[in-house]
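Note: hydrogens, waters and symmetry copies are ignored here, and every other heavy atom, side chains too, is used.
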Amino acid sequence: MIRLLSILLFSAMGLLIPSAAQEFNIATKPLTAISAEDLSAGQDRYGVLCARCHGMLGEGGEGPSLKRPRLSYAPDDESLKRVIGGGIPGTGMPGNWALGPTELHQVAGYVKSLGQLDAEEAPGDAEKGQLVYETKGNCSACHILRGVGKGIGPELSEVGLRRNSEYLYRSITNPSADQPKVSNRFRGTLNSFLTVRAVSEYGTFEGLRINEDEFSVQMRDMSGKTYSFDKAKLISYEKDFGHSLMPGYGALLNQEEADDMVSFLMTLKGDLE
Amino acid sequence: MRIFSSFWRFAAASLFFTFFCASAFAQTSYKQLLADEKNGDDWLSYSGGYKSERFSPLEQINPVNVSQLKVMWAYQMQAAGIAGAGLQETTPLVANGIMYLTEAPSSVTALDARTGNLLWHWKPDISEEVLNIGFPRINRGVALLDDSVFVATLDARLFALDAISGAVRWEAAVADNSVGFSLTLAPLALDGKIIVGVSGAEAGIRGFIDAYDSNTGERLWRTFTVPEPGEPGSETWQGEAWQTGGGSTWLTGSFDAELNTLYWTTGNPAPDWNGDLRPGDNLFTCAVLALNPDTGEMLWHFQYTPHDTHDWDANQIPVLIDGEFEGKQRKLLALANRNAFYYLIDRETGEYLLGEEYSYQTWAEGIDDLGRPIVKLNTEPTREGNLVWPSLQGATNWFSPSYNPITGQFFVPNRRMGAIYYKADVEYTPGAPFLGGGEQALDGDQASGAIVALDAMTGRQEWEFELLTPPWSGVMATGGGLVFGSSAEGVFFALDAATGNPLWNFNSGAHIRTNPMGFAIDDNQRVAIVGGRTLFVFGLE
């Protein structure tokens, strides 16, 4: 049954289905029982494919930290391999179709080993951070957290699962430093929350790109209003890859407040209060 | 095609279709196939004729009226029957008012080309466990000959179906799917023969091209694309590497009846990215082969990418062009290669004539006088990863280019994307991926695409229409002065062939990964494209 299930899951993702018994033996071994040789091979492959977003030791960055015993999209061995091979639609995680079952086993084994490492420590006080979020930061003007706030910027209820402390600190003090991405199976990995500027005969519009094709662009301004423009009718249209519309809080918050805010965001793991 | 608008013309056409179509339906002679590219009303073979021009000579839709184009009908595809078969790459064919298309993984549908109403649907019994190593569970279309429809299946079989009812006439086992052979291409019908090629280089198959008797399904010949020891070309392999050498033949070829020569392209050597395991040029991979269609004998070959290590199959459409090259009238074979160069070959002799860069690339200084790429240092995949343009999907890919024989323009869908290529160890296991590495493509926002118009005789760019992200769909030029194309964003559009200016577009609502085709019904021009799982047919009236 497990074998049948894995076949269905793999084929559902459009992945490669091994037929040789030997390959299945490798593919169905528990990841915790991975050999030192496979672990080393997995580390090499991880370095090429995964480290750019997840960090070489799984500390996270653009992608979530993997130094957690239980990954939200990949709680077990099979789902971990499925995620590595097929990606996570609607997120920045792309698939890696060229990984065969042996390589999937090796990379997944290495990722699993990262989960045994110590989790990060919070740099400050999460409770104080929540207060900063709600008052001085006025973050709910642009972010939704546990259903509360305005949906201009990223939803934050699970941000503690996705980002490490270093990334969160940078996001607060210098939001332009990182550009969140979303993986599209057909269009490649695209910037989400990309700042765009459109100048039409009615004026200049600045906002976040929601979607775009060759002929039109859909954007949302900071008040939450959605616009759709025909590119041919615009006087100009530009993408500002290096600039986030979120203001930097480096000047507004002192070091302690920023650390507290980071600590609060680290606690956000999808639990509804 | 002439367009008549009078009532009497309409009435006569209606009567014809009412009373005489049943006997006219479902017959596609070899003679008709020879005239396919001149006949705008039908579209009888994958590329719209043996020369593979993918050119519709119809003139009713033109730059002035194309803005009035509208959906005449749509057809939504049937349930695939197995998982992972949602993507569509089919080119529909139209013969005598009936449209034949495939649906993933390998089903065939016949529709009334006037209304889109279903006439019949045939679904082969394909196991959930079918192997498709290195490509999705797709199919690119059927072939028509006499009263049969021919379809190649994902599990490596070839079927002949009755064109009237969809009933099976015969079935042939082409190859063993359990070791990675698969068929996704539209077969090519010649006089009494059906030609097919295979996919599977990512599983370490040894590629071949087959011919089958169209009446019986008996195999007439098989030509391997990787030579065994002692055969010509075997000096470009070492040891046993030829046995798992790849060279798949997964895209429909072209045919010159006057020269009685079949032209077929070949794919990458295996394993893809670790070339250390197969030293040498690895003939006849990444090449175009000229074959005698009666015997399968190889007349000549031209290898585009010797010892490929980037998965740059040469499985692109070889377009047969007659024209004046450097002051001399020649029979040419034009191919815009995945490796970012546009090539002209003399198709009588195989002589290399031209290799012009048509897309940004970082791997070659250019092409030398014999047609061999001058490869730059440090462009191979490495253990740590090496950034090279184009990405493994190439500067273009299987989706079709188009050639306008009147203006001499060659239109290419172009992908502009780099990738980090890496190399890994790999051992051959039957029926398992045999890759030896992989790639990590650059972000979509760091990449783009274009429809590019080239002067077919020089390869020089006339214009480009930029696309947001790299496309995965073909183009079709028309006698009305248009080029139809699509984007990965799912927009189907018409460009002015003279300038590249966009004149009309339609959001299909889903990713487009098919080729456009054209036909006429009741003297009205039609253009068709599949977006997502829906076939759209457009016209003016």
Contact part of Arg513(B) toward chain A, heavy-atom cut-off under 4.5 Å: side chain, backbone, both or neither? side chain

Counting only heavy atoms not in Tyr360(B), do more than 12 sit closer than 6.0 Å to its OH atom? yes

Per-residue contact mode, Phe434(B) against chain A (heavy atom under 4.5 angstrom): neither

Leu190(A) side chain near Thr469(B) side chain, heavy-atom distance below 4.5 Å: yes

Measure from the side-chain N and O atoms of Glu214(A) to the backbone N and O of Leu467(B), and report whether any donor-acceptor pair falls under 3.5 Å. no

For Glu466(B), give me all partners under salt bridge (charged side-chain N to carboxylate O under 4.0 Å, His left out), at least two apart in sequence or on another chain. none

Point-to-point distance, once rounded to the nearest 0.5 Å, from CZ of Phe186(A) to OG of Ser473(B): 12.0 Å

CD of Glu464(B): more than 12 outside heavy atoms within 6.0 angstrom? yes

Applying a heavy-atom distance below 4.5 Å, give me the residues of residues 505-512 of chain B that approach chain A, sorted by number. Asn505(B), His511(B)

For the atom pair OG1 (Thr189(A)) and CD (Gln446(B)), what is the distance rounded to the nearest 0.5 Å? 9.5 Å

Taking only residues at least two apart or on different chains, which pairs with a member in residues 39-51 of chain A satisfy salt bridge (Lys or Arg N to Asp or Glu O under 4.0 Å)? Arg45(A)-Glu103(A)

Let me know if Leu87(B) has heavy atoms under 4.5 Å from chain A in its side chain, its backbone, both or neither. side chain

Under the salt bridge (charged side-chain N to carboxylate O under 4.0 Å, His left out) test, which residues partner Arg209(A), sequence neighbours left out? Glu212(A), Asp445(B)

Would Leu49(A) and Tyr422(B) satisfy side-chain contact (heavy atoms from CB on, under 4.5 Å), going step by step from the backbone distance to the final call? CA-CA 9 Å; Leu49(A) 294 173; Tyr422(B) 73 93; 3.6 Å; yes

To the closest 0.5 Å, what do you measure between CG (Leu468(B)) and CG (Asn211(A))? 9.0 Å

